[in-house]
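As structure tokens, the structure follows; a few thoughts come after it.
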Amino acid sequence: MDSVKHLRFDVAVVGAGPAGIAAALAAADSGKTVGLIDDNPAAGGQIWRGAQNVQRHSVSAVWLERLNKSAIQLVRGARVFHAADGELAAESDDSAIQISYGKLILATGARELYLPFPGWTLPNVMGAGGLQALVKSGLDIAGKRIVVAGTGPLLLAVAAYARKCGAKVVGICEQTTRPRMARFGMKMMLVPGKAAEALHFAYELRGIPHWTDCWPVAAFGNRRLESVRISRQGQTSEIECDYLACGFHLIPNVELPRMCGCQLKNGFVDVNEYQQTSVAGTYCAGEPTGIGGLELALVEGEIAGYAATNWEDRAKHLFPKRARYQTVVRILKAAFPLRPELKNLARPDTLVCRCEDVSHERLCEYTSWRAAKLHTRCGMGPCQGRVCAPAAEFLFGWQIDSVRPPLYPVRCSSLAAIPSHSVPRN
Amino acid sequence: MSESVSVRVNGKPVTVRAGATVAVAVLASGATCRTSVTGQPRSPLCGMGTCFECRVAINGEPQRRSCQVLCEANMEIEANG
Ligand SMILES: Cc1cc2nc3c(=O)[nH]c(=O)nc-3n(C[C@H](O)[C@H](O)[C@H](O)COP(=O)(O)OP(=O)(O)OC[C@H]3O[C@@H](n4cnc5c(N)ncnc54)[C@H](O)[C@@H]3O)c2cc1C
Ligand code: FES
């Protein structure tokens, strides 16, 4: 049987992406004990996945080196699945871990939104960030034909990365309109550092078609993807490809903050100027408070780390910097709203829930997420609705109800890491 | 540390770069990861531990998310085809 490990930190940080790393380092400045917990095999989060292998002196290398040299205890490969009464329960490959803390910083990041269309369950149809994550984890895409589709600036980053890795990027399908895309470009030029980034992408993506008002309508293939049909300014056409990298921007991972009792506002964790949530002593930084990119995640993390160790003046010092990057949240929101046509891509037999294979037509029989779940098992599989619930919210306008413990499927023996005083008694 | 690592996917030897995940080895072998409840072949979607589409058996232990596990020498990976 698994053993239960007990850990105690003055400050526990969940999520070792940029926000969590910055928070942990700021908190560690005070000399307090800091634990940084992440479910991946290495620190870095989404953007710095696999950054251990990249050139020195890059932004990621500098932060990761600071982390390596610090006294922060990195708890890798551990997934927090329960939170109650000031304690967390996590599971790793070989043990269950009970973590108690003085202060808690939640930096759980974001995931991609996936929308169902015929053929989206075929092997080699992946998320945009999903394909990138696999390539960063060692997948060789040299010579492969890739269509990148969906919405948001991540598509550009993924296309540039795929090309650098030797893939042939056939085209980028962006569902937003050309005027919106143009306005996005202009506004981002005014954000510090972003003009250089835009020029860099323009150079890296030269020659790759970038279609606006364009989205995938169906994917085809016998047991794996062979081609994708796209709609482009009202015309459909078919493109042969090896991979379709498709994501409709990012959605915040608010499940753990919700379980901790943090209030949400418009779908994001509500925080005060010190990044403190509605729960005293619990802070939140990075994407769960608003999709705003790397720089915002870093500065929010630093503010949370200082605030959690009673270093308010250091935190305050960073408020103007945060304000400069908060504009990105508004710019992104204005640029990439999902167009209504995307609600009509799924056909009656298109699966919406991939874990339990529940089709669109079966969901149409119900009027709420709760009823659909009860009768069809939609959202009841191992991903616990992380993929289908946000899609159902967009397709049907359903309110997604609260999360239930455990946050992830865990081994029975790991339940022993849940503090006994928070286990419901009969 | 060696540059590459060899594992077996459905008995077939596959070599990937050191630090690669099991999902990468499965894709490199040409296999797909799991079979859905209605019998469809599935492979990774999110690459980050969220979707559970990449589940395979690793050294006899079923239902592991292959995108979250690093390849180790001589791992026996069973994928669904
Ligand atoms: C798939 C994907 C790819 C991206 N690629 C790029 C890119 O190429 N370029 C770019 O500029 N931006 C990219 N972004 C956006 C980028 O992630 C953000 O701009 C920013 O860096 C987010 O930082 P963060 O620290 O808030 O979150 P993340 O980097 O998402 O870090 C959150 C971390 O918390 C961990 N975590 C969450 N819940 C738990 C739990 N319960 N237990 C344990 N650990 C947990 C996650 O595994 C993750 O490692 C990407 C986003 C996604 C989702
Ligand atoms: S690919 Fe989504 S969990 Fe592994």
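Lettering of chains follows the sequences in order, A, B, ..., and the numbering in each one begins at 1.
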At a heavy-atom separation under 4.5 Å, does B/Leu70 approach chain A through its side chain, its backbone, both, or neither?
side chain
Side chain, backbone, both or neither of B/Val37 within contact of chain A (heavy atoms, under 4.5 Å):
both
Side chain proximity check, [X] to [Y], heavy atoms < 4.5 angstrom:
X: A/Pro116; Y: A/Leu351; value: no
X: A/Thr121; Y: B/Ser36; value: no
X: A/Leu154; Y: A/Glu112; value: yes
X: A/Val14; Y: A/Thr108; value: yes
X: B/Ser6; Y: B/Pro13; value: no
X: A/Cys246; Y: A/Phe117; value: yes
X: B/Leu27; Y: A/Asn124; value: yes

Heavy-atom closest contact (A/Trp120 atom, A/Leu115 atom, distance):
CE3-O, 4.0 Å
Might you point out which heavy atoms bring B/Val7 and B/Glu72 nearest each other, and give the distance in Å?
CG1-O, 3.3 Å
Can you tell me if CD on B/Gln40 sees more than 12 non-hydrogen neighbours from other groups inside 6.0 Å?
yes
Would you find more than 12 non-hydrogen atoms of other residues, nucleotides or ligands less than 6.0 Å from B/Asn74 atom CG?
no
Cation over ring face, B/Arg34 and B/Phe52, 6.0 Å, 45°:
no
Which bit of [X] is near chain B, if near means a heavy-atom gap under 4.5 Å: side chain, backbone, both or neither?
X: A/Gln46; value: side chain
X: A/Pro41; value: side chain
X: A/Leu122; value: neither

In terms of heavy-atom pairs under 4.5 Å, which option from [options] contacts chain B the most?
options: A/Gln132, A/Arg354, A/Arg386, A/Met126; value: A/Arg354
options: A/Val387, A/Val135, A/Asp357; value: A/Asp357
options: A/Cys383, A/Gly127, A/Pro382, A/Gly381; value: A/Pro382
options: A/Ala133, A/Gly130, A/Pro123; value: A/Pro123

Cationic N near anionic O, under 4.0 Å, A/Glu356 to A/Arg362
no
Check ion pair A/Glu91-A/Arg79 (N to O, under 4.0 angstrom)
no
Only pairs of heavy atoms separated by less than 4.5 Å count here; which of B/Ala23, B/Pro41, B/Ser43, B/Pro44 has the most with chain A?
B/Pro41
Using heavy atoms and a sub-4.5 Å threshold, report which of residues 61-69 of chain B line up against chain A, by residue number.
B/Arg64, B/Arg65, B/Gln68
Can you list the residues of residues 138-149 of chain A that sit under 4.5 Å from chain B, counting heavy atoms only?
A/Gly138, A/Leu139
